[in-house]
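Read through the structure below, which is laid out as structure tokens, and then see the notes.
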Amino acid sequence: MSNQKPLYMRFVTLILSFVLVAGIVCAGNQRDTYASYKRYVTASTLAIRTKPSSSSKQVGSYKKGKKITCYGTSGSWTKVKYKDKYRYVFTNYLSKSKPSSSSSSSKGVQVANYAKQFVGNPYKYGGTSLTNGADCSGFTQSVYKHFGYSIPRTSSEQRSAGTKVSWANKQIGDLICYDGHVAIYIGSNQIVHASSAKTGIKISSPADYRKVLSVRRIVK
């Protein structure tokens, strides 16, 4: 009696083998396949980092209005390709639509966007480092310094910095002063600030979550 399989069984075996090999090849290729999409940069300067963290090494930057290709997200960060390597940018500064180039929303928004890049970094009493640790006034001082504005070191001294404006007329980029604390207004009734050793640099809402003593216009 012959041990040879019937022709139809050999045909079925051949088809199954083909499907199995194709499945293995597809599974192997899937790791390197990403669904890409386009986004515009809304920040004046958007840092490109090696890892999804504001404390990781910056390897470059994108300018406002730049249209970039994205490959998904990791937490608050978006994966991009920069110089043939996968890198990360902060998702908050990406938009489906091209941002306006009008100067009316420039400086204050630039300050707010720059400050928000350091959310998640540590609070350190007496510190002024935006990446390694800052207290509330060290944070605001260092942010404004990046744009060429010099303000005093302590929160009480900063209540006299710049020009006083009313709460009703506050704008993005203004300094919000409380009793023993300061923050930067970022719009939508929110602030970014070096809050405490427990929470680090974070975004809080509402902006008047505690009594506001003064609003200062630093950016002109």
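These numbers come from a predicted model, not from an experiment.
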According to a hydrophobic-cluster definition based on side-chain heavy atoms being under 4.5 Å apart (Ile, Leu, Val, Met, Phe, Trp, Tyr only), do Ile201 and Ile186 belong together? yes
Does the ring center of His146 lie less than 6.0 Å from the ring center of Tyr114? yes
Can you check whether Leu94 reaches Ile68 side chain to side chain, under 4.5 Å on heavy atoms? yes
Passing candidate, salt bridge (Lys or Arg N to Asp or Glu O under 4.0 Å) with Asp174, options Lys220, Lys164, Arg216, Arg217: Arg217
Thr91 (side chain) donor-acceptor with Thr78 (main chain) under 3.5 angstrom: yes
If you count the non-hydrogen atoms of other residues, nucleotides and ligands that lie under 6.0 Å from OH in Tyr37, is the total more than 12? yes
So how far is it from Arg87 CZ to Lys57 NZ, rounded to the nearest 0.5 Å? 8.0 Å
Which heavy atom of Pro122 sits nearest to which heavy atom of Thr131, and what is that distance? CD-O, 3.5 Å
Checking the side chain of Arg49 only, and the main-chain atoms of Ser56 only, is there a donor and an acceptor separated by less than 3.5 Å? yes
Can you find a side-chain donor-acceptor pair between Thr140 and Ser137 that sits under 3.5 Å? no
Measuring centre to centre across the rings, with the benzene-like ring taken for any Trp, is Tyr209 within less than 6.0 Å of Tyr178? yes
Any chance you could lay out the side-chain contact (heavy atoms from CB on, under 4.5 Å) test for Ser204 and His193, step after step, and finish with the verdict? CA-CA 8 Å; Ser204 296; His193 57 146; 2.7 Å; yes
One should read off an interatomic distance between Ser95 OG and Lys67 NZ, to the nearest 0.5 angstrom, of 12.0 Å
Applying side chain to side chain donor-acceptor pair (under 3.5 Å), run through Lys38 and Thr69 and close with a yes or a no. CA-CA 5 Å; Lys38 301 292 185 179; Thr69 303; 2.5 Å; yes
Can you check whether Gln190's main-chain N or O pairs, donor with acceptor, with Ser205's side chain at less than 3.5 Å? no
Are Ile218 and Val143 linked, directly or through intermediate hydrophobic residues, by side-chain heavy-atom contacts shorter than 4.5 Å (ILVMFWY only)? yes
Ionic contact status for Arg153 with Asp135, cut-off 4.0 Å: yes
How long is the straight-line distance from OG1 of Thr45 back to CD of Gln110, given to the nearest 0.5 Å? 7.0 Å
Only residue of Ile176, Val215, Val192 satisfying side chain to side chain contact (heavy atoms under 4.5 Å, CB included) with Tyr185 is Ile176
Answer yes or no: is there a donor N or O on one side and an acceptor on the other, between the side chain of Gln141 and the main chain of Ile151, under 3.5 Å? yes
Hydrophobic clustering (ILVMFWY, side-chain heavy atoms < 4.5 Å, transitive) - are Phe147 and Leu175 grouped together? yes
Steps toward side-chain contact (heavy atoms from CB on, under 4.5 Å) verdict (Lys124, Asn132): CA-CA 8 Å; Lys124 182 180 180 181; Asn132 297 323; over 6 Å; no
Please determine whether residues Tyr123 and Val119 belong to a single hydrophobic cluster, defined as Ile, Leu, Val, Met, Phe, Trp and Tyr linked transitively by side-chain heavy-atom distances below 4.5 Å. no
Minimum-distance pair of heavy atoms, taken over all atoms of Gly180 and Arg159: N-NH1, 4.1 Å
Between Tyr144 and Ile184, is the side-chain contact (heavy atoms from CB on, under 4.5 Å) condition met? List the steps. CA-CA 10 Å; Tyr144 288 121; Ile184 295 173; 3.8 Å; yes
Derivation and outcome, side-chain contact (heavy atoms from CB on, under 4.5 Å), residues Tyr40 and Lys64: CA-CA 8 Å; Tyr40 290 96; Lys64 182 178 180 180; over 6 Å; no
Looking at Phe90, Tyr86, Tyr88, Tyr71, which hits ring pair (Phe, Tyr, Trp, His ring centres under 6.0 Å) with Trp77? Phe90
So, do Ser61 and Leu46 sit near enough that their side-chain heavy atoms are less than 4.5 Å apart? no
Tell me, do Tyr62 and Tyr82 make a side-chain contact under 4.5 Å, heavy atoms counted? yes
Just by distance, do the side chain of Ser142 and the backbone of Gly138 share a donor-acceptor pair under 3.5 Å? yes
Shortest non-hydrogen pair, Ala194 vs Ala134, comes out as CB-O, 3.6 Å
How many angstroms lie between atom OG of Ser54 and atom CD of Gln117, to the nearest 0.5 angstrom? 8.5 Å
Is there side-chain contact between Val89 and Val41, with at least one heavy-atom pair below 4.5 Å? no
Gap separating the OG atom of Ser129 from the CG atom of Asn121, nearest 0.5 angstrom: 8.0 Å
Examine Val165 and Val111 and state if one hydrophobic cluster contains both, with Ile, Leu, Val, Met, Phe, Trp and Tyr joined whenever side-chain heavy atoms are less than 4.5 Å apart. no
dist Cys177:SG -> Leu213:CG (nearest 0.5 Å) comes out at 7.5 Å
Thr73 side chain vs Gly75 backbone, donor-acceptor pair below 3.5 Å: no
Decide yes or no on side chain to side chain donor-acceptor pair (under 3.5 Å) for Gln158 and Ser155, but give the supporting numbers first. CA-CA 5 Å; Gln158 288 182 13; Ser155 59; over 6 Å; no
